[in-house]
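The structure presented is a predicted model; accordingly, all values stated were derived computationally and were not measured. Only this structure's heavy atoms are used, side chains among them; waters, hydrogens and symmetry mates stay out.
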Amino acid sequence: MKKKETSLLHSKIANEMMNYINTYIDTDININQMAQEFKISKFHFHRIFKEQMGENIYECIKSIRLQKASNLLITNESSTISKIASLCGYSSQTSFLRAFKERFELTPKQWRQGGYKEYSNNILNIYSKVLLIDKDYITYEPKIVKIDKRVAYYIREKGHGSNSKKNWQKLKAWVYTNNITDYAQMGIYHDNPIITKPEDCHYVAAIVIKEEDVLKESNLPYFNLYSGLCAKFAFEGKYEDILKLIQWVYHYWLPSSGYEATTIPSYIKFEKNDFFDDSGEFVADFYIPIAFS
(Lines give C-alpha, C1' and ligand atoms only; values in the text may rest on other atoms or scores of the structure.)
Protein backbone atom coordinates (compact mmCIF):
# COMPACT_ATOMS: atom_id res chain seq x y z
CA MET A 1 0.00 0.00 0.00
CA LYS A 2 2.82 2.39 0.91
CA LYS A 3 4.55 1.76 -2.44
CA LYS A 4 1.31 2.56 -4.30
CA GLU A 5 0.81 5.78 -2.29
CA THR A 6 4.41 6.81 -2.98
CA SER A 7 3.98 6.17 -6.72
CA LEU A 8 0.79 8.26 -6.84
CA LEU A 9 2.48 11.05 -4.88
CA HIS A 10 5.44 11.07 -7.28
CA SER A 11 3.04 11.21 -10.25
CA LYS A 12 1.28 14.19 -8.66
CA ILE A 13 4.58 15.99 -8.09
CA ALA A 14 5.74 15.34 -11.67
CA ASN A 15 2.44 16.60 -13.10
CA GLU A 16 2.64 19.78 -11.01
CA MET A 17 6.23 20.25 -12.17
CA MET A 18 5.12 19.98 -15.82
CA ASN A 19 2.34 22.49 -15.22
CA TYR A 20 4.84 24.87 -13.64
CA ILE A 21 7.29 24.49 -16.55
CA ASN A 22 4.60 25.02 -19.19
CA THR A 23 3.32 28.10 -17.35
CA TYR A 24 6.70 29.76 -16.85
CA ILE A 25 8.61 28.49 -19.90
CA ASP A 26 9.34 32.06 -21.03
CA THR A 27 11.27 32.78 -17.81
CA ASP A 28 14.60 31.66 -16.39
CA ILE A 29 13.23 28.62 -14.55
CA ASN A 30 15.10 28.12 -11.28
CA ILE A 31 15.37 24.42 -10.41
CA ASN A 32 16.37 25.09 -6.80
CA GLN A 33 13.36 27.34 -6.31
CA MET A 34 11.07 24.71 -7.83
CA ALA A 35 12.39 22.07 -5.45
CA GLN A 36 11.79 24.40 -2.50
CA GLU A 37 8.22 25.09 -3.64
CA PHE A 38 7.52 21.34 -3.69
CA LYS A 39 9.22 21.00 -0.28
CA ILE A 40 11.66 18.32 -1.40
CA SER A 41 15.43 18.23 -1.81
CA LYS A 42 16.96 19.05 -5.18
CA PHE A 43 18.27 15.48 -5.41
CA HIS A 44 14.78 13.94 -4.92
CA PHE A 45 13.29 16.57 -7.20
CA HIS A 46 15.48 15.41 -10.10
CA ARG A 47 15.03 11.72 -9.26
CA ILE A 48 11.21 11.92 -9.13
CA PHE A 49 11.00 13.84 -12.39
CA LYS A 50 13.21 11.41 -14.32
CA GLU A 51 11.42 8.42 -12.76
CA GLN A 52 8.05 9.75 -13.97
CA MET A 53 8.96 11.42 -17.26
CA GLY A 54 11.81 9.26 -18.52
CA GLU A 55 14.18 12.20 -19.02
CA ASN A 56 15.95 14.74 -16.86
CA ILE A 57 14.25 18.04 -16.14
CA TYR A 58 16.80 20.16 -18.03
CA GLU A 59 16.21 18.21 -21.24
CA CYS A 60 12.45 18.52 -20.76
CA ILE A 61 12.64 22.30 -20.30
CA LYS A 62 14.84 22.64 -23.38
CA SER A 63 12.48 20.50 -25.46
CA ILE A 64 9.43 22.58 -24.47
CA ARG A 65 11.29 25.84 -25.18
CA LEU A 66 12.32 24.66 -28.65
CA GLN A 67 8.89 23.26 -29.54
CA LYS A 68 7.39 26.63 -28.63
CA ALA A 69 10.02 28.39 -30.75
CA SER A 70 9.32 26.11 -33.71
CA ASN A 71 5.68 27.23 -33.63
CA LEU A 72 6.38 30.93 -33.12
CA LEU A 73 8.82 31.02 -36.02
CA ILE A 74 5.94 29.99 -38.28
CA THR A 75 3.05 31.93 -36.74
CA ASN A 76 4.78 35.15 -35.64
CA GLU A 77 6.25 36.29 -38.95
CA SER A 78 6.77 39.87 -37.77
CA SER A 79 8.82 38.85 -34.70
CA THR A 80 12.59 38.77 -34.99
CA ILE A 81 14.49 35.60 -34.16
CA SER A 82 15.95 37.43 -31.16
CA LYS A 83 12.45 38.28 -29.92
CA ILE A 84 11.29 34.67 -30.31
CA ALA A 85 14.36 33.46 -28.40
CA SER A 86 13.37 35.78 -25.55
CA LEU A 87 9.73 34.64 -25.64
CA CYS A 88 10.94 31.07 -25.20
CA GLY A 89 13.11 31.79 -22.18
CA TYR A 90 16.50 32.24 -23.85
CA SER A 91 18.53 35.18 -22.57
CA SER A 92 21.13 34.70 -25.31
CA GLN A 93 20.36 34.51 -29.03
CA THR A 94 23.60 32.59 -29.53
CA SER A 95 22.58 29.82 -27.13
CA PHE A 96 19.13 29.70 -28.77
CA LEU A 97 20.62 29.33 -32.27
CA ARG A 98 22.93 26.55 -31.08
CA ALA A 99 20.17 24.65 -29.25
CA PHE A 100 17.69 25.03 -32.12
CA LYS A 101 20.11 23.69 -34.74
CA GLU A 102 21.10 20.80 -32.49
CA ARG A 103 17.43 19.84 -32.06
CA PHE A 104 16.12 20.39 -35.60
CA GLU A 105 19.29 20.25 -37.74
CA LEU A 106 18.26 23.62 -39.20
CA THR A 107 18.84 27.23 -38.19
CA PRO A 108 15.77 29.20 -37.07
CA LYS A 109 15.99 31.17 -40.33
CA GLN A 110 16.03 27.98 -42.44
CA TRP A 111 13.10 26.62 -40.41
CA ARG A 112 11.08 29.80 -40.91
CA GLN A 113 11.79 29.81 -44.65
CA GLY A 114 10.09 26.44 -45.10
CA GLY A 115 12.48 23.89 -43.62
CA TYR A 116 9.81 22.89 -41.10
CA LYS A 117 7.81 21.23 -43.89
CA GLU A 118 10.51 18.76 -44.89
CA TYR A 119 11.45 18.12 -41.25
CA SER A 120 7.85 17.29 -40.36
CA ASN A 121 7.44 15.08 -43.44
CA ASN A 122 10.47 13.07 -42.38
CA ILE A 123 8.89 12.51 -38.97
CA LEU A 124 5.55 11.40 -40.46
CA ASN A 125 7.31 9.06 -42.86
CA ILE A 126 8.53 7.10 -39.85
CA TYR A 127 4.88 6.19 -39.18
CA SER A 128 3.82 5.71 -42.80
CA LYS A 129 4.62 7.07 -46.25
CA VAL A 130 2.84 10.40 -46.08
CA LEU A 131 3.69 13.53 -48.03
CA LEU A 132 2.92 16.97 -46.65
CA ILE A 133 -0.84 17.32 -46.86
CA ASP A 134 -2.38 19.81 -49.25
CA LYS A 135 -3.81 23.13 -48.07
CA ASP A 136 -7.27 21.82 -48.99
CA TYR A 137 -7.04 18.87 -46.57
CA ILE A 138 -9.62 20.59 -44.37
CA THR A 139 -11.95 23.13 -46.01
CA TYR A 140 -13.74 24.48 -42.96
CA GLU A 141 -12.84 26.61 -39.99
CA PRO A 142 -12.61 24.99 -36.55
CA LYS A 143 -14.85 25.85 -33.64
CA ILE A 144 -13.24 28.12 -31.03
CA VAL A 145 -14.36 26.73 -27.68
CA LYS A 146 -13.87 27.34 -23.96
CA ILE A 147 -12.93 24.12 -22.17
CA ASP A 148 -14.14 23.52 -18.62
CA LYS A 149 -11.93 22.02 -15.94
CA ARG A 150 -11.96 18.22 -15.85
CA VAL A 151 -9.87 15.47 -14.28
CA ALA A 152 -7.79 12.98 -16.30
CA TYR A 153 -6.82 9.54 -14.95
CA TYR A 154 -4.01 8.35 -17.14
CA ILE A 155 -1.28 5.99 -18.25
CA ARG A 156 1.81 7.73 -19.60
CA GLU A 157 4.04 6.28 -22.30
CA LYS A 158 7.26 7.42 -23.94
CA GLY A 159 7.44 6.24 -27.52
CA HIS A 160 4.24 7.27 -29.25
CA GLY A 161 2.20 4.27 -30.40
CA SER A 162 4.51 1.67 -28.87
CA ASN A 163 2.06 0.57 -26.14
CA SER A 164 -1.14 2.37 -27.15
CA LYS A 165 -3.36 -0.69 -27.59
CA LYS A 166 -2.24 -2.27 -24.31
CA ASN A 167 -2.62 0.97 -22.35
CA TRP A 168 -6.10 1.70 -23.68
CA GLN A 169 -7.20 -1.82 -22.79
CA LYS A 170 -5.90 -1.29 -19.23
CA LEU A 171 -7.95 1.91 -19.03
CA LYS A 172 -10.99 0.00 -20.28
CA ALA A 173 -10.55 -2.49 -17.43
CA TRP A 174 -10.14 0.41 -14.97
CA VAL A 175 -13.40 2.01 -16.19
CA TYR A 176 -15.32 -1.25 -15.72
CA THR A 177 -13.72 -1.96 -12.34
CA ASN A 178 -14.75 1.45 -10.99
CA ASN A 179 -18.23 1.38 -12.59
CA ILE A 180 -17.61 4.66 -14.40
CA THR A 181 -20.32 5.54 -16.92
CA ASP A 182 -19.85 9.26 -17.63
CA TYR A 183 -16.38 9.72 -19.09
CA ALA A 184 -14.40 10.74 -22.17
CA GLN A 185 -11.38 9.09 -23.79
CA MET A 186 -8.50 11.43 -24.53
CA GLY A 187 -5.02 11.08 -26.00
CA ILE A 188 -2.78 13.91 -24.79
CA TYR A 189 0.41 14.92 -26.62
CA HIS A 190 3.05 16.23 -24.23
CA ASP A 191 5.24 16.62 -27.31
CA ASN A 192 4.17 17.78 -30.75
CA PRO A 193 4.08 14.45 -32.66
CA ILE A 194 4.71 16.00 -36.09
CA ILE A 195 8.14 17.36 -35.07
CA THR A 196 9.16 14.78 -32.43
CA LYS A 197 10.52 11.35 -33.29
CA PRO A 198 8.10 8.59 -32.16
CA GLU A 199 10.58 7.12 -29.68
CA ASP A 200 11.01 10.52 -27.98
CA CYS A 201 7.33 11.48 -27.91
CA HIS A 202 5.57 11.60 -24.53
CA TYR A 203 1.95 10.54 -24.87
CA VAL A 204 -0.82 10.10 -22.31
CA ALA A 205 -3.86 7.84 -22.69
CA ALA A 206 -6.53 9.18 -20.34
CA ILE A 207 -10.04 8.67 -19.02
CA VAL A 208 -11.50 12.09 -18.27
CA ILE A 209 -14.31 12.67 -15.80
CA LYS A 210 -16.02 15.68 -14.25
CA GLU A 211 -14.25 17.33 -11.34
CA GLU A 212 -17.09 16.47 -8.95
CA ASP A 213 -16.77 12.76 -9.85
CA VAL A 214 -13.16 12.37 -8.67
CA LEU A 215 -12.56 8.98 -7.07
CA LYS A 216 -11.49 8.98 -3.43
CA GLU A 217 -9.24 6.00 -4.08
CA SER A 218 -7.72 4.90 -7.36
CA ASN A 219 -4.69 2.95 -8.50
CA LEU A 220 -4.21 5.41 -11.37
CA PRO A 221 -2.67 8.89 -11.03
CA TYR A 222 -4.61 11.91 -12.24
CA PHE A 223 -4.16 15.55 -13.10
CA ASN A 224 -6.39 18.51 -13.89
CA LEU A 225 -6.91 18.86 -17.62
CA TYR A 226 -6.33 22.29 -19.17
CA SER A 227 -9.27 24.66 -18.97
CA GLY A 228 -9.23 27.55 -21.40
CA LEU A 229 -9.43 28.53 -25.05
CA CYS A 230 -9.03 25.86 -27.73
CA ALA A 231 -9.52 25.42 -31.47
CA LYS A 232 -11.49 22.22 -32.09
CA PHE A 233 -11.16 20.20 -35.33
CA ALA A 234 -13.39 17.24 -36.24
CA PHE A 235 -11.63 14.07 -37.42
CA GLU A 236 -12.58 10.71 -38.87
CA GLY A 237 -10.26 8.13 -40.41
CA LYS A 238 -7.27 5.88 -39.82
CA TYR A 239 -4.94 6.53 -36.92
CA GLU A 240 -2.09 7.88 -39.05
CA ASP A 241 -4.54 10.41 -40.50
CA ILE A 242 -4.68 12.07 -37.07
CA LEU A 243 -1.05 13.08 -37.59
CA LYS A 244 -1.84 14.49 -41.03
CA LEU A 245 -4.63 16.58 -39.48
CA ILE A 246 -2.27 17.86 -36.78
CA GLN A 247 0.27 18.76 -39.45
CA TRP A 248 -2.35 20.73 -41.39
CA VAL A 249 -3.41 22.57 -38.23
CA TYR A 250 0.14 23.67 -37.37
CA HIS A 251 1.38 24.38 -40.89
CA TYR A 252 -1.63 25.87 -42.64
CA TRP A 253 -4.42 26.85 -40.29
CA LEU A 254 -2.41 28.28 -37.40
CA PRO A 255 -0.12 30.69 -39.35
CA SER A 256 -3.10 32.48 -40.91
CA SER A 257 -5.52 32.16 -38.00
CA GLY A 258 -4.56 35.15 -35.86
CA TYR A 259 -3.81 32.74 -32.99
CA GLU A 260 -0.68 31.04 -31.75
CA ALA A 261 -0.17 27.69 -30.07
CA THR A 262 0.60 27.75 -26.35
CA THR A 263 2.90 25.39 -24.46
CA ILE A 264 -0.16 23.55 -23.08
CA PRO A 265 -0.33 20.06 -24.66
CA SER A 266 -2.80 19.46 -27.49
CA TYR A 267 -5.08 16.43 -27.31
CA ILE A 268 -7.55 14.16 -29.09
CA LYS A 269 -11.00 13.46 -27.66
CA PHE A 270 -12.29 10.18 -29.08
CA GLU A 271 -15.88 9.38 -29.95
CA LYS A 272 -14.70 6.07 -31.41
CA ASN A 273 -11.29 4.72 -30.47
CA ASP A 274 -10.20 1.45 -32.05
CA PHE A 275 -7.52 1.06 -29.36
CA PHE A 276 -10.31 1.02 -26.77
CA ASP A 277 -13.34 -0.64 -28.36
CA ASP A 278 -12.08 -2.48 -31.49
CA SER A 279 -14.50 -0.45 -33.61
CA GLY A 280 -12.13 -0.51 -36.57
CA GLU A 281 -12.12 3.27 -36.87
CA PHE A 282 -11.28 6.52 -35.17
CA VAL A 283 -13.79 9.35 -34.83
CA ALA A 284 -12.54 12.23 -32.73
CA ASP A 285 -11.99 15.93 -32.19
CA PHE A 286 -8.50 17.44 -32.08
CA TYR A 287 -8.07 20.29 -29.60
CA ILE A 288 -5.20 22.74 -29.70
CA PRO A 289 -4.90 25.29 -26.86
CA ILE A 290 -4.49 28.76 -28.37
CA ALA A 291 -3.89 32.39 -27.47
CA PHE A 292 -4.21 35.61 -29.45
CA SER A 293 -0.97 36.30 -31.29
Point to revise | Ring geometry between Tyr116 and His251 (parallel below 30°, tilted from 30 to 60°, perpendicular above 60°) | key: perpendicular

Review point. Side chain of Ser266, backbone of Ile288: donor and acceptor closer than 3.5 Å?
Key: no

Exercise for review: Indicate the ring-plane relationship of Phe223 and Tyr154, choosing parallel, tilted or perpendicular according to the 30° and 60° boundaries.
Suggested key: tilted

Exercise for review: Say whether Glu260 and Asn71, considering side chains only, have a donor N or O and an acceptor N or O under 3.5 Å apart.
Suggested key: no

Practice item. Assign the ring pair Phe270 / Phe282 to parallel, tilted or perpendicular, where the plane angle (0 to 90°) is split at 30° and 60°. Key: tilted

Check your understanding: Looking only at side chains, do Gln67 and Ser63 share a donor and an acceptor under 3.5 Å apart?
Key -> yes

Check your understanding: Once the angle between the rings of Tyr20 and Phe38 is folded into 0 to 90°, is it parallel (under 30°), tilted (30 to 60°) or perpendicular (over 60°)?
Key -> perpendicular

Check your understanding: So, Asp26 side chain and Gly89 main chain: donor-acceptor pair closer than 3.5 Å or not?
Key -> no

Exercise for review: State whether a side-chain donor-acceptor pair under 3.5 Å links Asn163 with Glu157.
Suggested key: no

Practice item. Taking atom types as modelled, find out whether His10 and Ser7 have a side-chain donor-acceptor pair closer than 3.5 angstrom. Key: no

Exercise for review: On the 0 to 90° scale, with breaks at 30° and 60°, tag the Tyr259-Trp253 ring pair as parallel, tilted or perpendicular.
Suggested key: parallel

Exercise for review: State whether the side chain of Gln110 and the backbone N or O of Thr107 hold a donor-acceptor pair below 3.5 Å, judged by distance alone.
Suggested key: yes

Check your understanding: Under 3.5 Å, side chain of Arg156 to main-chain N/O of Tyr203, donor-acceptor pair present?
Key -> no

Check your understanding: Is it true that a side-chain atom of Gln169 and a backbone atom of Phe276 form a donor plus acceptor pair closer than 3.5 Å?
Key -> yes

**Study point:** Lys165 side-chain N/O to Asp274 backbone N/O, donor-acceptor pair under 3.5 Å
**Key:** yes

Exercise for review: Anything under 30° is parallel, anything over 60° is perpendicular, the rest tilted; go ahead and classify Trp111 against Phe100.
Suggested key: perpendicular

